[in-house]
Amino acid sequence: MKKIANRKSQIINIMYKKEDILNALRKVTHPEKGTDIVTLGMVGDITQTGEGISLVLVPEKSNDPFITSVKSNCVRAVKEALGPDAVIASIEVKPRIVVEKMAAPKRDVLPGVKNIIAVSSGKGGVGKSTVAVNLAVALARKGYATGLLDADIFGPSVPRMFDAGEYHPDVRSENGTDIIVPMSKYGVKILSIGFFVRGSDAVIWRGPMASSFLKQLISQGDWGELDYLIFDLPPGTSDIHLTLVQEVPVTGAIVVTTPQEVALADARKGIAMFRSDSINVPVLGLVENMSYFEAPELPGRRYYIFGKEGGSRLAAESGTLLLGQIPIVESICDGGDSGRPVALGDNATGTAFMNLAETVVRQVEIRNAEIAPTKRVDVK
């Protein structure tokens with residue numbers, strides 16, 4: 001016990017030069033401003049006690065939507081620069097301007113969006129984001145006003161798929177509220193948490209923080225008039241799914257799976273979640289990704305690498321529709337990596353996603369004709 005106490009005593013008595021701390025904080029960039037927080041004058045008092053380093057951050061406004069991200073990046077930057085023994089004991093926020101929350105009138109959430117589609121999957125690695133991105137592009141190609149919100153908070157891949165890893169959205173003020181302007185590319189309006197953090201950074205947030213950020217992207221995004229807003233959800237069932245159905249009336253859900261049983265088992269859980277009494281969101285259907293491989297030199301001959309007709313069996317079992325089967329094609333992966341989705345092309349894979357979009361539109365029209373509009377969920 002004595003050795004441990006001595007070691008603890010050594011750690012908490014380390015004192016760092018103020019300039020070294022400032023140099024560490026110069027590596028923290030404000031996502032909206034694109035400049036480090038020291039240059040922006042956001043770093044106030046720096047003090048040190050036996051508990052560690054205490055910082056005061058001075059944002060321009062009290063409603064800075066990125067202050068939580070800045071705080072977590074400060075902790076990480078100080079440890080990276082000064083070593084694992086460097087401890088930030090506290091970070092106090094003292095904004096220059098306090099924006100009263102009551103001053104801003106409440107905005108309707110997504111008043112101009114006709115249909116909200118949740119793209120989900122029971123497990124990761126089945127190509128959910130690939131389907132969401134190409135579905136959005138295909139809908140835009142068909143002439144529909146389309147948006148895509150990357151709600152996969154902890155693993156955003158949409159920026160890479162649109163070659164937008166360095167993009168930072170503009171923010172404007174409207175009636176006292178900060179409005180985030182989505183990026184527009186290939187006819188699709190896009191917002192993602194990946195636009196607000198560096199691609200190499202891990203998003204280390206608790207559930208409430210992630211849900212709060214999603215609410216901001218929904219309510220403060222300048223989505224305008226849209227026929228379809230696609231949500232790329234995280235895999236599984238989580239706080240994010242609950243936040244979505246609580247914030248907006250979801251028109252319908254699409255569940256993405258692959259043919260093998262291990263993926264189908266998780267897809268069943270996703271279908272059950274949306275159909276549960278507490279959620280009650282219509283399931284438009286399934287998309288079976290990686291359905292088969294067709295060698296270019298042997299057109300027409302299909303190889304069912306992950307099993308055959310798993311999506312069809314699950315659709316029949318669950319009483320839903322198989323919306324489409326997407327083959328394993330190298331160009332789909334290349335398109336995602338290069339930022340040019342295959343749905344932009346007029347080849348076989350592009351046609352597969354265009355056909356998927358056509359089927360989804362038809363199912364949404366049937367759903368809207370036969371079922372009352374979805375209501376926001378009150379999850380207890």
Side-chain angles (χ1 to χ4, degrees), residues 105-121 128 131-132 135-136 138-140 142-152 177 179-180 182 187-191 211 214-234 237-256 267 269-287 315 318-324 356-380:
K106 187 175 181 179
R107 303 170 72 241
D108 290 334
V109 178
L110 304 179
V113 178
K114 296 177 182 177
N115 298 290
I116 297 170
I117 309 298
V119 178
S120 179
S121 68
K128 167 188 53 63
V131 170
L135 174 60
L139 287 169
K142 285 183 171 293
Y144 295 101
T146 306
L148 175 63
L149 197 158
D150 185 0
D152 195 346
T177 300
I179 304 299
I180 307 170
V188 180
K189 288 185 175 182
I190 309 153
L191 277 181
S211 295
L214 176 59
K215 291 177 184 179
Q216 284 186 295
L217 294 184
I218 293 172
S219 63
Q220 293 177 229
D222 184 14
W223 295 107
E225 302 288 330
L226 293 177
D227 295 308
Y228 292 93
L229 177 56
I230 309 296
F231 280 80
D232 179 17
L233 293 173
T237 55
S238 68
D239 287 354
I240 297 301
H241 298 71
L242 295 179
T243 298
L244 175 62
V245 297
Q246 285 178 298
E247 287 298 303
V248 296
V250 178
T251 306
I254 295 171
V255 178
V256 181
K269 297 175 185 176
I271 294 172
M273 177 197 69
F274 285 114
R275 287 179 170 174
S276 66
D277 291 340
S278 59
I279 304 296
N280 196 27
V281 168
V283 176
L284 299 175
L286 293 168
V287 175
S318 58
T320 189
L321 184 70
L322 183 63
L323 299 170
L356 172 63
E358 184 175 336
T359 304
V360 168
V361 169
R362 185 168 61 249
Q363 285 303 110
V364 169
E365 290 175 348
I366 293 172
R367 175 255 177 274
N368 289 342
E370 297 181 350
I371 306 175
T374 308
K375 295 181 180 180
R376 289 194 292 178
V377 174
D378 182 16
V379 179
K380 300 298 183 183

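- The side chain to side chain contact (heavy atoms under 4.5 Å, CB included) test with T251 is passed by exactly one of L229, V113, I117, V281: I117.
- For the pair L356 and V131, the minimum side-chain heavy-atom distance is below 4.5 Å.
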Self-check item: I366 and I371: CA distance, side-chain angles, deciding distance, side-chain contact (heavy atoms from CB on, under 4.5 Å) verdict
Solution: CA-CA 8 Å; I366 293 172; I371 306 175; over 6 Å; no
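- Contact record, A136 with V188: O-CG2, 3.7 Å, taken as the closest heavy-atom pair.
- By the 4.5 Å heavy-atom criterion applied to side chains, T359 and L321 are counted as neighbours.
- Side-chain contact check for N115 versus N368: some heavy-atom pair is nearer than 4.5 Å.
- Put simply, CD1 on I271 and OG on S276 are 12.5 Å apart, with the number rounded to the nearest 0.5 Å.
- Contact between D232 and K128 at its shortest, heavy atoms only, is OD1-NZ, 2.8 Å.
- For K269, the NZ atom is loosely surrounded, since the number of other residues' heavy atoms within 6.0 Å does not exceed 12.
- Residues that satisfy the ring-ring contact (aromatic ring centres under 6.0 Å, His included) test with Y228, not counting sequence neighbours, are Y144.
- Side chain of R367 to backbone of L284: no donor-acceptor contact under 3.5 angstrom is found.
- Taking 4.5 Å as the limit, some side-chain heavy atom of L135 sits within range of a side-chain heavy atom of I254.
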Exercise. Go through the steps to decide whether F274 and V250 satisfy the test side-chain contact (heavy atoms from CB on, under 4.5 Å), and finish with yes or no.
Key: CA-CA 10 Å; F274 285 114; V250 178; 5.7 Å; no
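- To the nearest 0.5 Å, the span separating CD1 on I179 from CH2 on W223 amounts to 12.5 Å.
- For R376 (side chain) and L244 (main-chain N/O), no donor-acceptor pair under 3.5 Å exists by modelled atom type.
- The heavy-atom pair separating L191 from G221 by the smallest distance is CD1-CA, 4.0 Å.
- Side-chain contact between I190 and D150 is absent, with no heavy atoms from C-beta onward closer than 4.5 Å.
- Counting all heavy atoms, side chain and backbone alike, K189 lies closest to D222 at NZ-O, 3.7 Å.
- The salt bridge (Lys or Arg N to Asp or Glu O under 4.0 Å) check on E365 picks up nothing, with sequence neighbours excluded.
- Applying the salt bridge (Lys or Arg N to Asp or Glu O under 4.0 Å) rule to K114 yields the partners D227; only residues at least two apart in sequence or on another chain are considered.
- A distance of 7.5 Å separates CG of N280 from OG1 of T374, quoted to the nearest 0.5 Å.
- S211 has its side chain out of reach of Q246: every pair of non-hydrogen atoms, C-beta onward, lies at least 4.5 Å apart.
- A distance of 11.0 Å separates OG1 in T177 from CD in Q216, rounded to the nearest 0.5 Å.
- Closest non-hydrogen pair, L286 versus A315, comes out as CD1-N, 3.6 Å.
- From L139, atom CG reaches atom CG of L226 across 11.0 Å, with rounding to the nearest 0.5 Å.
- In plain terms, the two heavy atoms of A140 and T146 that are nearest each other are N-OG1, 3.6 Å.
- Here the CG-OG distance, from D152 to S121, works out to 8.5 Å after rounding to the nearest 0.5 Å.
- Considering only heavy atoms from C-beta on, I218 stays 4.5 Å or farther from T243 through its side chain.
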Self-check item: side-chain contact (heavy atoms from CB on, under 4.5 Å) evaluation trace for I116 with E247
Solution: CA-CA 11 Å; I116 297 170; E247 287 298 303; over 6 Å; no
